[in-house]
2 protein chains.
Amino acid sequence: MSAAARPRVVIVGGGFGGLFAAKFLKHAAVDITLVERTNHHLFQPLLYQVATGILSPGAVAPPLREVLKRHDNVKVRLGEVTGFDLDARTVHVEHPASARDLPYDFLIFGIGVGGSYFGHPEFAPHAPTMKTVEDALTLRTRIFGAFEMAALTRDEDERRAWLTFAVVGGGPTGVEVAGQIAELAHRSMDRNFREFDPSSATVVLFEGGEEILPTFGDRLSGKATHELTRLGVDVRVKTRVTDVTRDEIVVSSADGEERLACRTKVWAAGVAASPLARSLAEATGAEVDRAGRIQVLPDCTLPGHPEIYVVGDVMALDGLPGVAEVAMQTGIHAAASIKRQTAGEGDPRPFKYRDLGSMAAVSRFRAIVDFKGIRVGGFVGWMMWAFIHLTFLTGFKNRFIAAIRWVLSFVGSARTERALGWDRTRATFASAETRPPDDS
Amino acid sequence: MSAAARPRVVIVGGGFGGLFAAKFLKHAAVDITLVERTNHHLFQPLLYQVATGILSPGAVAPPLREVLKRHDNVKVRLGEVTGFDLDARTVHVEHPASARDLPYDFLIFGIGVGGSYFGHPEFAPHAPTMKTVEDALTLRTRIFGAFEMAALTRDEDERRAWLTFAVVGGGPTGVEVAGQIAELAHRSMDRNFREFDPSSATVVLFEGGEEILPTFGDRLSGKATHELTRLGVDVRVKTRVTDVTRDEIVVSSADGEERLACRTKVWAAGVAASPLARSLAEATGAEVDRAGRIQVLPDCTLPGHPEIYVVGDVMALDGLPGVAEVAMQTGIHAAASIKRQTAGEGDPRPFKYRDLGSMAAVSRFRAIVDFKGIRVGGFVGWMMWAFIHLTFLTGFKNRFIAAIRWVLSFVGSARTERALGWDRTRATFASAETRPPDDS
């Protein structure tokens, strides 16, 4: 422990893990610095609703400073951690226009994970992932831009390619985004075009495994497939994606290889931790798993470093899934352990995950839910989904705004958040393009 | 008139002029093509609330296709008009990935105006205007980014420069944005920073003329100045801006020259029509005024071209101001005239402007209003301002969302729409950065 009057806790990342750790330490006698590359937390489970025009970015991205404004022991700093000195107990932080080494007595590392293209980084520009607000806005621009492009072409094949949407990955994100693109085409775009019928759009969901949403069990998985099919989504399981180009997606299944002309693709398969995670693991002798996640000890710390906690998606422990619930609970676990350590109440205890279940909203008013062993689908599932998401969405205002948007989008058919412009000079669609303050 | 069964009306621009023209022609026996560079109308009077984090872009940018979906005689096409052939009666439209010459029997030209730097285009990167959704998001990123930068520096002078905001131009836009930046600093950012007190930020409003909001008369102008001063805005009249650099703004007044260290500037002074407007004017022998706006005949048509109407901000007629009200009324006038012309009911009549007054919201619950000669300020003015803006905001959903956001932002203090990220590799703040579909 340093000579400082109060132990210094550095939290890297303001996601579910880092934010819940900071909140848990509200009345603890520690000084916290939370370092984040963005100025906001991100409610990732609803990010697909930004990509499909239902919610505005602000509704899922509450400002960290605002969320933590009554936490007097927390300082929020915009920056990116790029290295460590574990002996000196400092993290190296690059800020816009400056850099510094930030000393810590305890470190909570929860930077999340990015998307993985399984060794095919060349797919990335053609099939964005959906991890950040920027990703979601990129996708939103592409999805709504594709309908505009379809209206402008007179070539039927090209129009078909613009009206074909491929989603790769049958987990909750893939299912949710496929369902919402289908609803968009079939309901929200109604009467929007004179040149073609938007409901003629095709949405294809590709999943390499035996079924979509495998963790939900056969019955709910079947229910989700049924529901997606009813919406017009073509669900293709046991199908691997072998190539992605600007104009095509190539897949392989028992039926052989197939090339699909398709301009808009969404990548919702696989995750990969950043090189920073690997370097932290190597510095401590911890292993990383295939996705680059850091293998932690049962108490979420690293070997020989009871002062370093790894939480959330970037942590590998007992095969726990990369979901918000695990991140929140590990964040709170780390915070509680630090409280005990600083109070001299003994060593950290093993982390115990309380599995509350998982859920996915297949379409409006239809969700499948596995909650504490209760497995339900349909409208009852959707009500549970909506209730739980509103409960966990940070901030009363965001809850309120999201609830109202849902009424407008689901009872009505509004997709109000879809502004895009075309910049002829740069030949680009832009939902918003910004300059750095330093560039000004 | 062409040989086509129904007269073809081409509307260039989906602003207040173009949109209201299209709407007015709902049941007319004409075929309308509306060409716009963006996919949305823009409620410009509330754009400053996007720049200051109160409203999401979608709230002020209703999709044109959605607004016009029950107008079966209207086709919306995303593209930019780049030229004319007035003899052949075609406009040349560049679309993403294609181009075509669009024939018309009647043309309604309402592309609006851009910002003007009075011969100093080099000011532009340092002091953005606020004309488009992208502009507003650029400003939003700079404003919220400036507070982040202020938190990161240890140099007091640099911090002061980041916490100094200059607004150039004392018209309604300048007054409104200055007022909202001040409220942001003094109220909304409360407790957000440990490094400094956000209410120590300085907002300076520069106006070259004798007073701000001169068209409102001395009493209301004085009231607005009083209100802004109460909010902490430094109102500097009879002060001309002579230079704008990355780090400074230089002004000149009776007191001599002054250099103000200031990183964030907003340009709300002066407008300029695009070169396209000039080329249309030249082709018809019409004059342009100093701002490049097209001098029209009393019926809003061009000399020798009773089939071409110019509407909205890009039109110059009798010194009418460039406000939404004029644009709406000229749009409707053009549409009504075309209806009469196609019905063989005679030539266009002169345009008569019904001045309903003007208004500016100085701060929450305070607006000054000059409505049909009734001049009021304060809370009564604000109620009128809110009522009229909600009435004219296109679409029930946007009205509803805006009203709720105002409650959250003005009764509460929320600025929920302020997500920004920092991209270290590109050393840029981004609220959202997107790629063109064609790039994918």
Side-chain angles (χ1 to χ4, degrees), chain A residues 37-40 56-58 61 63 65-66 69-70 75 77-78 80 94-96 98 125-126 132-134 137-138 141-142 144-146 148-149 152 191-194 246 263 397-398 401 404 408 412 414 416-422 424 427-438 440, chain B residues 37-40 56-58 61 63 65-66 69-70 75 78 80 94-98 125-126 132-134 137-138 141-142 144-146 148-149 152 191-194 246 263 397-398 401 404 408 412 414 416-422 424 427-438 440:
Chain A
R37 284 185 297 185
T38 73
N39 69 345
H40 55 82
S56 65
R65 297 187 183 286
E66 192 63 25
K69 71 180 178 182
R70 301 202 185 281
K75 221 182 234 187
R77 294 186 79 80
L78 192 85
E80 183 173 347
E94 301 266 347
H95 299 293
S98 64
H126 311 303
T132 65
V133 170
E134 285 71 37
L137 292 174
T138 298
T141 303
R142 290 197 186 189
F144 288 102
E148 297 295 334
M149 296 303 284
L152 290 171
R191 301 182 73 114
N192 271 219
F193 293 87
R194 312 284 174 249
R246 194 193 73 158
R263 300 298 282 255
K397 292 153 213 149
N398 285 345
I401 297 255
I404 283 162
L408 295 177
T416 47
E417 294 294 335
R418 60 194 238 205
L420 62 85
W422 179 56
R424 188 171 60 87
T428 177
F429 275 118
S431 67
E433 193 113 24
T434 54
R435 303 277 165 277
D438 267 345
S440 64
Chain B
R37 283 185 296 185
T38 72
N39 69 346
H40 56 82
S56 65
R65 299 186 182 285
E66 193 63 25
K69 70 178 177 183
R70 300 198 187 282
K75 219 182 239 187
L78 191 85
E80 182 172 347
E94 302 263 349
H95 299 291
S98 65
H126 312 302
T132 65
V133 170
E134 284 71 39
L137 292 174
T138 297
T141 303
R142 289 196 187 190
F144 288 102
E148 296 295 334
M149 296 302 285
L152 290 171
R191 302 182 73 111
N192 272 220
F193 293 89
R194 313 287 174 247
R246 194 193 72 157
R263 300 297 282 256
K397 290 154 215 149
N398 285 343
I401 297 258
I404 284 162
L408 295 178
T416 47
E417 294 294 333
R418 60 194 239 206
L420 62 83
W422 178 55
R424 187 171 62 87
T428 176
F429 275 119
S431 67
E433 193 114 21
T434 55
R435 303 279 164 278
D438 267 346
S440 64

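Scope of the values below: all heavy atoms of this structure, side chains included, with no hydrogens, waters or symmetry mates. Letters go in sequence order (proteins before strands), and every chain restarts at 1.
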In chain order, what residues pass the salt bridge (Lys or Arg N to Asp or Glu O under 4.0 Å) check against B/Lys75, with sequence neighbours excluded? none
Applying a strict 4.5 Å limit to non-hydrogen atoms, the region of B/Leu152 in contact with chain A is both
Is there side-chain contact between B/Glu417 and A/Ser56, with heavy atoms separated by less than 4.5 Å? yes
dist A/Lys69:NZ -> B/Arg194:CZ (nearest 0.5 Å) comes out at 10.5 Å
Does B/Arg37 have any side chain to side chain donor-acceptor pair (under 3.5 Å) partners at least two apart in sequence or in another chain, and if so, which? none
Of the backbone (N, CA, C, O) and the side chain (C-beta and beyond), which part of B/Arg418 lies under 4.5 Å from a heavy atom of chain A, both, or neither? both
Highest number of heavy-atom pairs under 4.5 Å with chain B: which of A/Asn39, A/Leu408, A/Ile404? A/Asn39
